[in-house]
2 protein chains.
Amino acid sequence: MIPGRTPDTRERLIRAAWDLLGEGGPGAVTLRGVGARVGVSRTAPYRHFADKDALLRAVAEQAFRALGDRMRTAAREADDTPSVLRVVLLAYIDFASEHTEQYRLMFGEWVIAQKRAEGDAGGPLHTAALSLFELCAGMLAQGQREGVIRQGDPADLALLTWSTVHGLMTFALSGHLEAKERGARTEVERLVGEVVEGLMARRGN
Amino acid sequence: MIPGRTPDTRERLIRAAWDLLGEGGPGAVTLRGVGARVGVSRTAPYRHFADKDALLRAVAEQAFRALGDRMRTAAREADDTPSVLRVVLLAYIDFASEHTEQYRLMFGEWVIAQKRAEGDAGGPLHTAALSLFELCAGMLAQGQREGVIRQGDPADLALLTWSTVHGLMTFALSGHLEAKERGARTEVERLVGEVVEGLMARRGN
DNA sequence: ACCTGAACACCGTTCAAGT
DNA sequence: ACCTGAACACCGTTCAAGT
């Protein structure tokens, strides 16, 4: 009688797609496989989602939510602004490293067409991405008020910072970075430190 | 009798795949379609490539070559170092904007598994990416010697710069950026300017 | 309201056979 | 050396039919 006590089919389909994606990449996510894992027929998902992309969109939304939660939780654990920035960015790359396939779903090639299918602005996918951006911009604006982050449009700083971290993550995941040095994770961590360093206000400026 | 006078089937298959990719995205590239465009059967490509991925790898290699040529040509048109940096980065985003699908092939999700299939290091895909990186690092090192680019490991600077530009491009192409303001191209151009600004040496440092 | 099974159109890939 | 046609296993998706 309590709604949501046992996960309904819709929720279980999303979970199954999430797991299959994480285990075997995009190629491993088939409606047949998702149905089988949940214990329904291969056409059952069509009762809950318009098509395969709609199911994957729900997975991406959940990934955005999980990443946002993780960043906000990390933010609560630090007190001063430069450290909170570093901690949040590290939480970001940790999520991307642990959930590689979900991360690629959020920012990869596939998502562009999906946002258009959602109606460009206003869709949950766009809202979720915007919320992450605003979290980042808000932290930078706070730091500027405290005088520890350098001047400039906080939206520009946030976009540039996010772009750099995303770019680093992309190169790390694609192996373009890995070849240079063993331990891509440590390498990215160090470079994120440099990014934060570059955001700090300079004495007398 | 002159070898390469008329393009052979292999070359025409690559060209057809490049065109289909550009016109309709990854979904439009099918071995059947490629064969049809060239005027051979759908199984003919297997006489020239091990499988579909091998054909796409050849397309990616050509894209890397085209991007490299474009950057080097742009570099020759500018004289002083700060301007050459800006010009080369703009050539980069121009290529990415004009050949969106090919650009995604070079740095998207697909390429990771491919590099592994190539044998991680030493493969043409990895060599091509490394060559672009070294072009960027070389320009920065030259600028440091001239005293116009700030201190730091040129490899780090190159990686951070490239990551930022690639990240900006990703967000622009994915529409995450586009929503904020009309004219994503102008926006990216302005932000690339900020990136170059951040690389300049500061007086007295 | 939710699920099923059969069917359809489309893939990549293999292989025996042709020139 | 290069190409072909038939065939196979696998997709997403539709639809009439069941409870």
Side-chain angles (χ1 to χ4, degrees), chain A residues 1-21 23-60 101 105 108-111 113-114 116-118, chain B residues 1-21 23-60 101 105 108-111 113-114 116-118:
Chain A
M1 279 303 182
I2 306 169
R5 201 160 64 89
T6 54
D8 60 332
T9 307
R10 193 193 136 91
E11 219 67 36
R12 293 172 67 204
L13 287 168
I14 296 174
R15 175 61 192 249
W18 173 289
D19 289 343
L20 284 169
L21 178 64
E23 291 164 16
V29 186
T30 68
L31 253 23
R32 284 159 165 81
V34 170
R37 181 167 284 223
V38 170
V40 297
S41 81
R42 46 183 172 267
T43 54
Y46 285 94
R47 293 300 112 205
H48 302 272
F49 301 95
D51 50 21
K52 185 185 178 182
D53 280 337
L55 170 58
L56 285 175
R57 250 178 277 142
V59 172
E101 300 296 345
L105 197 69
E109 337 174 355
W110 168 83
V111 89
Q114 299 311 310
R116 200 160 300 145
E118 244 191 7
Chain B
M1 281 303 178
I2 306 169
R5 201 159 67 88
T6 54
D8 59 332
T9 308
R10 192 193 138 91
E11 219 66 38
R12 293 172 68 205
L13 287 168
I14 296 174
R15 175 61 192 250
W18 173 289
D19 289 344
L20 284 169
L21 178 64
E23 291 164 15
V29 185
T30 68
L31 253 23
R32 284 159 165 80
V34 170
R37 181 167 284 223
V38 170
V40 297
S41 81
R42 46 183 172 269
T43 54
Y46 285 94
R47 294 300 112 206
H48 303 272
F49 301 96
D51 51 20
K52 186 185 179 182
D53 280 337
L55 170 58
L56 286 175
R57 249 176 278 144
V59 172
E101 300 296 347
L105 197 68
E109 337 175 356
W110 168 82
V111 89
Q114 298 312 311
R116 200 160 301 144
E118 245 192 6

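Letters A, B, ... are given to chains in the order of the sequence lines, protein chains preceding strands, and every chain is numbered from 1.
Per the geometry, CZ belonging to A:Arg42 stands 11 Å off C1' belonging to D:dC10, to the nearest Å. Taking atom CH2 of residue B:Trp110 and atom P of nucleotide C:dG12, one finds them 14 Å apart after rounding to whole Å. When the C1' atom of C:dG12 is taken as reference, atom CZ of B:Phe49 falls 16 Å away, rounded to whole Å. With rounding to whole Å, B:Asp8 atom CG is found 15 Å from D:dC3 atom C1'. In this structure, A:Tyr46 atom OH and C:dA6 atom C1' are separated by 15 Å, rounded to whole Å. In this structure, A:Lys52 places its NZ atom 8 Å from P of D:dT13, rounding to the nearest Å. For the pair A:Leu56 CG and D:dT13 C1', the computed distance is 15 Å after rounding to whole Å. One atom, CG of B:Leu13, and another, C1' of C:dG12, lie 15 Å apart when rounded to the nearest Å.
Minimum atom distance to the side chain of B:Thr43 is reached by C:dT13, of the listed C:dT13, C:dC3, D:dT13. Distances were taken from every side-chain heavy atom of A:Asp51 (C-beta onward) to each of D:dA6, D:dT13, D:dC3; the shortest belongs to D:dT13.
The only member of B:Val59, B:Val38, B:Asp8 that meets side chain to side chain contact (heavy atoms under 4.5 Å, CB included) when paired with B:Leu13 is B:Val38.
Here B:His48 does not reach the OP1 or OP2 of D:dA1: none of its side-chain N or O atoms lies under 4.0 Å away.
Closest approach of B:Gly33 and B:Leu20 over heavy atoms only: C-CD1, 3.8 Å. Considering every non-hydrogen atom in both A:Leu31 and A:Tyr46, the closest pair reads CD2-OH, 3.4 Å. Considering every non-hydrogen atom in both A:Ala60 and A:Trp110, the closest pair reads CB-CZ3, 4.1 Å. Of all the heavy atoms in A:Arg42 and A:Pro45, the pair that sits closest is O-CD, 3.5 Å.
Atom CG of residue B:Leu56 and atom CD1 of residue B:Ile14 lie 10.5 Å apart, to the nearest 0.5 angstrom. Going from atom CD of A:Glu109 over to atom CG of B:Leu105 covers 7.5 Å, rounded to the nearest 0.5 Å.
Taken residue by residue, residues 30-40 of chain A places heavy atoms nearer than 4.0 Å to DNA chain C at A:Val40.
Toward the 5' end of DNA chain D, the nearer of the two residues A:Gly27 and A:Arg47, judged by each one's closest nucleotide, is A:Gly27.
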Dot-bracket line, read 5' to 3' along DNA chain D, where crossing pairs take [ ] and | marks a partner on another strand, Watson-Crick or G-U under 3.5 Å: ||.|||||...|||||.||

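Remark: A:Arg37 CZ is packed, more than 12 non-hydrogen atoms of other residues, nucleotides or ligands lying under 6.0 Å away.
The residues A:Asp53 and A:Arg57 are annotated as not salt-bridged, no charged nitrogen and carboxylate oxygen being separated by less than 4.0 angstrom.
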